[in-house]
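Below is one structure, written out as structure tokens, with a few remarks after it.
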2 protein chains.
Amino acid sequence: MPYEEILDRFKAQLKIMGLKVTRERVIILEEVMKRKDHFDADQFAADLSVGGVKVSRATVYRTLDILHDMKIVHKTTLGHKHQHYENMVDRAHHDHLVCLKCDKVVEFLEPRIEELQEKVCLDHGFVIKDHSLQLFGICGDCTDDDAEANN
Amino acid sequence: MPYEEILDRFKAQLKIMGLKVTRERVIILEEVMKRKDHFDADQFAADLSVGGVKVSRATVYRTLDILHDMKIVHKTTLGHKHQHYENMVDRAHHDHLVCLKCDKVVEFLEPRIEELQEKVCLDHGFVIKDHSLQLFGICGDCTDDDAEANN
DNA sequence: CTTTGTGCAAAGCGTTTGCAGAGTG
DNA sequence: CACTCTGCAAACGCTTTGCACAAAG
């Protein structure tokens, strides 16, 4: 989806929600669209200011929340004390594999796990709304390191 | 496993770790053993003091960490900003289903999900060490409420 | 008697919020 | 103009920590 289209969609949704289109909100949307990685709000704000753009941390948090409500951004906990955000435009749901040594994050989708989750919920009389799955391990590169270290 | 046995194991492990057996640590172990639910450190400390036992919050956090290292206690994030602890003595690994309305927590174990997780890791060259899976939904009781509310 | 533990209160850390002035529609 | 936003700094909620005194081995 081209940036122009997202921007229009963003503006339209803001209007629907009774919110205003501000310089800061557009800047943040633009920066989010550049990101393909998993980022945290604080670092995001820092990067903006390094780029010479001044937007306060508070506004970053507030705007990422709006983008989350609009499903433009997804929030995950990847085993750290802070939240990670990721741009979800043109992207399907997925879960994460996190390396405990180098913090590398790999995305994956395993439909059979999703199905089984549905089944578990059904069996317990729950209507599933969401789930959170992270696998923690040691990635290939870091396992190699281990091998070397043991020589 | 009888309490006496756990206590002995606790004392032995403390010794191995070069730590001392203190009144507070024993009190906390005892209280943990009484718990079958998912609790947070703060509430745990509060309950102790209601029970007339004085142990500081700091010591509760410090001791729960030790118990976690000893695998006597397990730490999970159930979608709140604080950690939940649970007594793992005589209990097998399991994941959690959380009701978004009433916060009810149901434990489940789906071996096929565990297997698929292994497979996903393998496929990505990871050695799995741990995982975190929470399903969020609306439980049977709360779905009923919805139905009533819509009448 | 040496070493570790405890309580307290303060600090940390990510995140949220109240407020006064700035900007949008 | 009326109303929402922003930036700031202070507040927050959970957790950790420095320190002086207490207790364990």
Side-chain angles (χ1 to χ4, degrees), chain A residues 7-8 10-31 38-49 52-70 73-86 103, chain B residues 7-8 10-31 38-49 52-70 73-86 103:
Chain A
L7 183 58
D8 287 347
F10 182 52
K11 288 182 180 173
Q13 295 238 50
L14 284 175
K15 189 159 292 176
I16 291 168
M17 298 165 87
L19 302 175
K20 295 181 174 177
V21 176
T22 65
R23 186 190 82 99
E24 289 79 1
R25 286 177 181 162
V26 173
I27 287 173
I28 291 169
L29 173 71
E30 191 180 359
E31 178 67 21
H38 306 82
F39 56 91
D40 62 89
D42 227 50
Q43 183 210 324
F44 183 90
D47 290 353
L48 275 181
S49 82
V53 188
K54 280 180 224 107
V55 180
S56 73
R57 223 190 307 276
T59 298
V60 167
Y61 276 103
R62 288 188 276 232
T63 306
L64 287 175
D65 263 356
I66 297 173
L67 290 169
H68 182 240
D69 288 346
M70 294 181 179
V73 135
H74 188 256
K75 257 182 182 170
T76 340
T77 303
L78 295 178
H80 297 275
K81 59 191 69 176
H82 54 77
Q83 288 284 321
H84 281 91
Y85 297 83
E86 59 185 323
D103 282 327
Chain B
L7 182 58
D8 287 346
F10 182 52
K11 288 182 179 173
Q13 296 238 50
L14 283 174
K15 189 159 292 178
I16 292 168
M17 297 164 88
L19 302 176
K20 295 180 176 177
V21 176
T22 66
R23 187 189 82 99
E24 290 78 2
R25 285 177 181 162
V26 172
I27 287 173
I28 291 169
L29 173 71
E30 192 180 359
E31 178 66 21
H38 306 81
F39 57 91
D40 63 89
D42 227 48
Q43 184 210 322
F44 183 88
D47 289 354
L48 275 181
S49 81
V53 188
K54 280 180 223 106
V55 179
S56 73
R57 221 192 309 278
T59 298
V60 167
Y61 276 104
R62 288 188 276 230
T63 306
L64 287 175
D65 263 356
I66 296 173
L67 290 169
H68 182 240
D69 288 346
M70 294 182 181
V73 136
H74 189 257
K75 257 182 182 171
T76 340
T77 304
L78 296 178
H80 298 274
K81 60 190 69 176
H82 54 78
Q83 288 285 319
H84 280 91
Y85 296 84
E86 58 185 323
D103 282 326

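Each chain gets a letter, A, B and so on, in the order the sequences are listed, and its residues count up from 1. Values in this document were obtained by computation on a predicted structure and should not be read as measured data.
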Determine all donor-acceptor pairs shorter than 3.5 Å in which one atom belongs to a side chain in residues 57-68 of chain B; sequence neighbours excluded.
residue : atom : partner : partner atom : Å
B:Arg57 : NH1  : B:Asp42 : OD1          : 3.3
B:Thr59 : OG1  : B:Ser56 : OG           : 3.1
B:Thr63 : OG1  : B:Thr59 : O            : 2.8
B:Asp65 : OD1  : B:Lys75 : NZ           : 3.3

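- Remark: B:Glu86 CD to B:His74 NE2 distance equals 7.0 Å, nearest 0.5 Å.
- Nearest-nucleotide mapping onto DNA chain D: of A:Ser56 and B:Asp40, the residue sitting toward the 5' end is A:Ser56.
- The separation between A:Gln43 atom CD and C:dG14 atom P is 11 Å, rounded to whole Å.
- A:Phe39 meets the ring pair (Phe, Tyr, Trp, His ring centres under 6.0 Å) test with A:Phe44; sequence neighbours excluded.
- In this structure, the CG atom of A:Leu64 is 15 Å from the P atom of C:dG14, given to the nearest Å.
- Taking atom CG of A:Asp42 as the reference point, atom P of C:dC13 lies 11 Å away to the nearest angstrom.
- Sequence order on DNA chain D of the closest nucleotides to B:His84 and A:Thr63 puts A:Thr63 first from the 5' end.
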ask   = Once each nucleotide of nucleotides 16-25 of chain C is scored for protein heavy atoms under 4.0 Å, what B/S/- sequence comes out, 5' to 3'?
value = BBB----BBS
inquiry  = Apply side chain to side chain contact (heavy atoms under 4.5 Å, CB included) to residues A:Met70 and A:Phe10 and explain how you reach the verdict.
reply    = CA-CA 8 Å; A:Met70 294 181 179; A:Phe10 182 52; 3.5 Å; yes
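- Reading DNA chain D from its 5' end, the first and the last nucleotide to sit under 4.0 Å from a heavy atom of chain B are D:dC14 to D:dG25.
- Taking the C1' atoms of five terminal pairs at each end of the helix from C:dC1-D:dG25 to C:dG25-D:dC1, the two resulting helix axes are inclined by 30°, rounded to 10°.
- Under the ring pair (Phe, Tyr, Trp, His ring centres under 6.0 Å) criterion, A:His82 pairs with A:His80, A:His84, sequence neighbours left out.
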If you look only at distance, which donor and acceptor atoms sit under 3.5 Å apart when one is on a side chain in residues 16-31 of chain A and the other is two or more places apart or in another chain?
residue : atom : partner : partner atom : Å
A:Thr22 : OG1  : A:Arg25 : N            : 3.2
A:Arg23 : NH2  : A:Lys54 : O            : 3.1
A:Arg25 : NH1  : A:Lys20 : O            : 2.8
A:Glu31 : OE2  : A:Arg35 : NE           : 3.2
A:Glu31 : OE2  : A:Arg35 : NH2          : 3.1

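- With sequence neighbours left out, B:Thr77 forms a side chain to side chain donor-acceptor pair (under 3.5 Å) with B:Gln83.
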